[in-house]
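Here, residue 1 is the first one in the sequence, and each next residue gets the next number. In this text, all values refer to a predicted model and were calculated from it rather than measured experimentally.
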Amino acid sequence: MLVHEGQNRTPGIDRRLAASFAGIAGALNAAGFCAFGTFSSNMTGNVSALADHLGLGEMALALPILALIAAFMAGAMGATLLINAGRQHRLSGVYAYSVLTEALLLVSLGLLGLGLPAGWQGAVLVTGLSFLLGLQNATITQITDARVRTTHVTGMVTDLGIALAHRLSLGRDTSGPDREKIRLYGVTVAAFLAGGVTGVMAWRVLGSAFLFVAAGLLTLMALPGIASARRVNAS
């Protein structure tokens with residue numbers, strides 16, 4: 001999932017990637033909402049909330065939202081800089097290393113959350129999650145040439161509606177690219193939803209320790225890509 005690029009990627013690989021990472025992103029996003037009442041990856045909603053607070057002159061409420069937006073953007077920038085550096089040095093499996101970085105930072109965030117006072121825990125966790133989800137979204141966007149976005153589903157729901165309308169207009173004709181698009185977008189939305197439900201339940205039981213579970217899952221997904229890249233480099 002994290003090795004093939006360009007023409008080497010198949011619809012099946014993209015669907016597995018979407019299902020895996022949209023599920024984890026949905027879980028982390030929901031966990032962040034449980035922690036602080038704010039979605040870590042919903043930048044549309046966060047920008048709207050920022051505008052609302054600024055318009056009402058509520059600067060104290062606007063600053064935490066601004067921090068979420070900045071953190072998400074910083075995560076996307078960090079992933080892109082890492083990927084570009086890997087490409088320049090011809091590092092195979094750079095996308096897998098980016099995901100492993102996300103996992104390691106998620107562990108660090110979980111450890112930090114365990115030691116924070118209750119009043120600070122939610123704000124720090126949700127801002128850290130915004131950074132990590134920005135990193136993840138940029139990584140997945142680049143390896144799939146923007147076919148897959150895992151941390152939000154507004155675009156996917158829109159594209160799913162467009163693809164379904166095209167299929168309806170074609171009647172019995174089931175050929176064309178819309179069938180694969182419907183499957184990809186449907187998988188992404190369903191995985192994000194299922195991940196969100198799981199994240200809420202896991203957060204209520206485990207609290208910030210859930211971040212370690214998510215980090216373990218990310219590591220399991222990154223390691224095969226890293227192992228494959230090492231075999232390529234050794235050959």
Side-chain angles (χ1 to χ4, degrees), residues 1-9 13-29 32 39-47 50 65-109 124-156 159 184-185 188 191-192 195 211 214-215 217-219 221-230 232-233:
M1 295 189 299
L2 296 170
V3 175
H4 297 297
E5 296 183 70
Q7 298 298 322
N8 292 324
R9 295 195 67 83
I13 291 175
D14 279 349
R15 285 196 301 274
R16 290 197 299 273
L17 185 78
S20 301
F21 285 92
I24 289 180
L28 293 175
N29 192 46
F39 292 114
S40 302
S41 67
N42 182 9
M43 292 302 108
T44 302
N46 288 338
V47 171
L50 177 63
I65 303 298
L66 181 61
L68 292 178
I69 298 168
F72 191 90
M73 186 181 301
M77 292 174 61
T80 303
L81 291 172
L82 175 63
I83 291 169
N84 287 345
R87 287 171 173 170
Q88 290 173 2
H89 291 85
R90 297 181 179 180
L91 176 65
S92 299
V94 64
Y95 299 101
Y97 283 108
S98 183
V99 171
L100 183 61
T101 299
E102 180 188 359
L104 294 175
L105 291 175
L106 195 55
V107 170
S108 300
L109 183 63
V124 171
L125 286 178
V126 78
T127 304
L129 287 175
S130 285
F131 177 87
L132 294 175
L133 290 172
L135 185 151
Q136 183 193 123
N137 199 47
T139 300
I140 302 305
T141 297
Q142 292 182 72
I143 195 174
T144 63
D145 294 327
R147 288 187 301 276
V148 179
R149 304 292 182 98
T150 58
T151 63
H152 54 279
V153 294
T154 303
M156 291 291 173
D159 292 340
L184 175 61
Y185 302 150
T188 304
F192 193 85
L211 302 183
L217 294 174
L218 288 169
T219 301
M221 288 188 283
L223 289 180
I226 293 173
S228 177
R230 287 182 174 178
V232 170
N233 291 332

Test item: Ser98 side-chain N/O and Val94 main-chain N/O as donor-acceptor pair under 3.5 Å: no
Residues Ile24, Leu218; criterion side chain to side chain contact (heavy atoms under 4.5 Å, CB included); working and verdict: CA-CA 8 Å; Ile24 289 180; Leu218 288 169; 3.8 Å; yes
Side chain to side chain contact (heavy atoms under 4.5 Å, CB included) evaluation trace for Phe72 with Thr151: CA-CA 11 Å; Phe72 191 90; Thr151 63; 3.8 Å; yes
Nearest non-hydrogen partners of Leu184 and Arg147, listed with the distance: CD2-O, 3.8 Å
Pairing residues for Arg87 by the salt bridge (charged side-chain N to carboxylate O under 4.0 Å, His left out) criterion, not counting sequence neighbours: Glu5
Side chain to side chain donor-acceptor pair (under 3.5 Å) pairs, two or more places apart, involving residues 70-82: Thr80-Gln142
Shortest non-hydrogen contact from Leu2 toward Tyr95: O-CB, 3.6 Å
Any side-chain heavy-atom pair of Thr139 and Phe21 under 4.5 Å: no
Side chain to side chain, Gln136 and Val99, heavy atoms closer than 4.5 Å: no
Pairwise side-chain contact, Leu129 with Asn29, heavy-atom cut-off 4.5 Å (strictly under): no
Partners meeting side-chain contact (heavy atoms from CB on, under 4.5 Å) with Ala76 (sequence neighbours left out): Ala138
Sub-4.5 Å side-chain heavy-atom contact between Leu28 and Leu132: no
Contact summary for Thr150 and Asn137, nearest pair of heavy atoms: N-OD1, 3.3 Å
Nearest non-hydrogen partners of Leu106 and Ala215, listed with the distance: CD2-N, 3.5 Å
Minimum heavy-atom distance between Leu135 and Ala79, given as atom pair plus value: O-CB, 3.4 Å
Non-hydrogen atoms of Leu17 and Ile143 that approach each other most closely: CD2-CG2, 4.1 Å
